[in-house]
Amino acid sequence: MKRKKLSLIALGGAALLALSACSGGGGDTAAPEPEAAPTFEAGTTMAKLAEEGTITIGTKFDQPLFGLVGPDGDPVGFDVEIGKIIAAKLGIAEDKIEWKETVSANREPFIQNGEVDIVIATYTINDKRKEVISFAGPYYMAGQSILTLADNKDIKSEDDLVGQPVCSVTGSTPAAKLAEIGATPVLTDTYSNCLEPLRTGQVVAVSTDNVILAGLAAQNEGEFKVVGKPFTEEPYGIGLKLDDTEFRNWINDVLEEAYEDGSYEEAWTSTAGTVLEFVEPPAVDRY
């Protein structure tokens with residue numbers, strides 16, 4: 001299947017500021033209180049991070065509602081809030097978290113090379129990725145959908161993408177799905193870089209997870225629309241080093257506790273929940 005590679009479209013500083021000022025979510029969320037002197041079994045990742053008092057979390061910097069750089073230079077969104085919940089359980093305060101921008105193509109390498117401790121970045125769990133990293137979760141179930149210009153009347157479902165140029169991101173599961181259904185993937189490194197080609201007609205649509213598209217549409221009100229029903233299931237997980245079973249199980253425990261004590265729903269309501277309805281989180285996978 002033919003693939004095209006977009007040259008990067010530079011976003012000016014003013015544009016970035018405008019993007020981050022609206023619909024990012026997370027600005028009004030109170031940071032979770034760090035656990036006081038948590039204790040962990042010696043030699044575990046949890047013990048190491050708690051002792052160091054800091055954690056490096058990879059997340060998206062251009063995903064409205066989930067991970068978007070705010071006016072102060074810090075990311076905001078649902079994924080960011082989940083990261084803060086995990087850090088707090090390690091006794092790590094919000095200001096001791098190092099946020100590292102990750103794009104779809106570098107999430108596994110960052111984990112494997114130790115550049116980040118975990119990745120929370122609209123990160124779909126799949127078997128190929130599980131060969132090189134491990135996942136905690138899932139903590140959210142998304143689905144691939146379609147973003148078009150608001151006045152487009154021709155694209156109504158994935159069937160209408162066959163043979164058409166459609167923008168997505170290198171290394172993502174949505175890009176692979178586009179090739180599978182017979183669309184012509186036009187690939188770049190971030191979804192925000194897909195918007196200008198959509199505006200100019202280089203592509204007929206952008207396709208990725210419905211929650212990402214909803215955020216882009218909300219930030220550009222009246223310009224774009226999300227069409228059709230989701231045509232895949234995309235379970236979002238938290239990436240970590242392969243076979244770190246203790247750490248994965250511990251993160252799953254933290255997620256389940258957040259489901260029970262309301263902090264998960266609070267994180268959703270203050271970020272993605274400003275646009276999307278709340279849905280009960282999926283059961284974590286104890287593989």
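Along the sequence shown, the residues carry numbers beginning at 1.
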[X] versus [Y], closest heavy-atom pair with distance:
| X | Y | value |
| --- | --- | --- |
| V80 | G67 | CG2-CA, 4.3 Å |
| A47 | G43 | CB-N, 4.4 Å |
| A179 | P185 | N-CG, 3.9 Å |
| G222 | A150 | O-CB, 3.4 Å |
| V211 | A142 | CG2-CB, 4.2 Å |
| G91 | P38 | N-CG, 3.9 Å |

With side chains defined as the heavy atoms from C-beta onward, is the minimum distance between [X] and [Y] less than 4.5 Å?
| X | Y | answer |
| --- | --- | --- |
| L149 | L198 | yes |
| K89 | K84 | no |
| I55 | I118 | yes |
| L65 | T271 | no |
| I86 | I251 | yes |
| V204 | I155 | yes |
| V166 | V203 | no |
| V169 | V103 | no |

Taking a hydrophobic cluster as the set of Ile, Leu, Val, Met, Phe, Trp and Tyr residues connected by side-chain heavy atoms closer than 4.5 Å, whether directly or through intermediates, do [X] and [Y] fall within one such cluster?
| X | Y | answer |
| --- | --- | --- |
| I82 | V275 | yes |
| M141 | F278 | no |
| L276 | Y259 | yes |
| V162 | V227 | no |
| V226 | L195 | yes |

Could you give the distance from [atom1] ([X]) to [atom2] ([Y]), rounded to the nearest 0.5 Å?
| X | Y | atom1 | atom2 | result |
| --- | --- | --- | --- | --- |
| S207 | L213 | OG | CG | 6.5 Å |
| E94 | E33 | CD | CD | 11.0 Å |
| D117 | I238 | CG | CD1 | 13.0 Å |
| T54 | I92 | OG1 | CD1 | 6.0 Å |
| Y191 | S104 | OH | OG | 4.5 Å |
| C167 | L187 | SG | CG | 7.5 Å |

Between the main-chain N or O of [Y] and the side-chain N or O of [X], is there a donor-acceptor pair closer than 3.5 Å?
| X | Y | value |
| --- | --- | --- |
| Q63 | I212 | no |
| N106 | T102 | no |
| S134 | D243 | yes |
| N252 | G137 | yes |
| K60 | P75 | no |
| D74 | G70 | no |

Is it true that [Y] and [X] share a donor-acceptor pair across their side chains at a distance under 3.5 Å?
| X | Y | answer |
| --- | --- | --- |
| D189 | N193 | yes |
| N210 | S145 | no |
| E81 | S270 | no |

Checklist line | side chain to side chain contact (heavy atoms under 4.5 Å, CB included) involving M46 - partner list, sequence neighbours excluded | finding: F40, T44, L90, E246, F247, W250

Salt bridge or not for [X] and [Y], using N-O below 4.0 Å?
| X | Y | answer |
| --- | --- | --- |
| K153 | D160 | no |
| R286 | E256 | yes |
| K177 | E158 | no |
| R199 | E196 | yes |

Next item on the list: Apply salt bridge (Lys or Arg N to Asp or Glu O under 4.0 Å) to K48 and E51, showing your working.
Entry: CA-CA 5 Å; K48 171 181 172 290; E51 182 178 354; over 6 Å; no

Check: Once the angle between the rings of Y236 and Y140 is folded into 0 to 90°, is it parallel (under 30°), tilted (30 to 60°) or perpendicular (over 60°)?
Finding: tilted

Check: Mind checking whether F78 and Y139 have parallel, tilted or perpendicular rings, split at 30° and 60°?
Finding: tilted

Next item on the list: Kindly check if the number of other-residue, nucleotide or ligand heavy atoms within 6.0 Å of CD (E52) is above 12?
Entry: yes

Item checked: Co-members of F110 in a cluster of I, L, V, M, F, W and Y side chains, linked at under 4.5 Å -> I111, V116, V119, Y123, I125, V132, I133, F135, Y287

Note to self: Given E234, which partner from the list T208, N126, T173 fulfils the side-chain hydrogen bond (donor to acceptor under 3.5 Å, both in side chains) test?
What the structure shows: T173

Note to self: Between Q112 and K241, is the side chain to side chain contact (heavy atoms under 4.5 Å, CB included) condition met? List the steps.
What the structure shows: CA-CA 6 Å; Q112 292 173 298; K241 280 205 169 178; over 6 Å; no

Next item on the list: Test side chain to side chain contact (heavy atoms under 4.5 Å, CB included) on R248 and L240 and set out the steps.
Entry: CA-CA 7 Å; R248 176 169 52 81; L240 61 144; 4.0 Å; yes

Next item on the list: Could you go through the side chain to side chain contact (heavy atoms under 4.5 Å, CB included) check for I97 and W99 one step at a time?
Entry: CA-CA 6 Å; I97 300 172; W99 301 102; 3.5 Å; yes

Note to self: Checking R107 against R129 for the side chain to side chain contact (heavy atoms under 4.5 Å, CB included) test, could you report, in this order, the C-alpha distance in whole Å, the side-chain angles of both residues, the deciding distance, and whether it holds?
What the structure shows: CA-CA 10 Å; R107 290 176 295 196; R129 290 171 177 164; 3.2 Å; yes

Margin query: Pair E101, T59 - check side chain to side chain donor-acceptor pair (under 3.5 Å), show working.
Written below: CA-CA 5 Å; E101 182 178 15; T59 196; over 6 Å; no

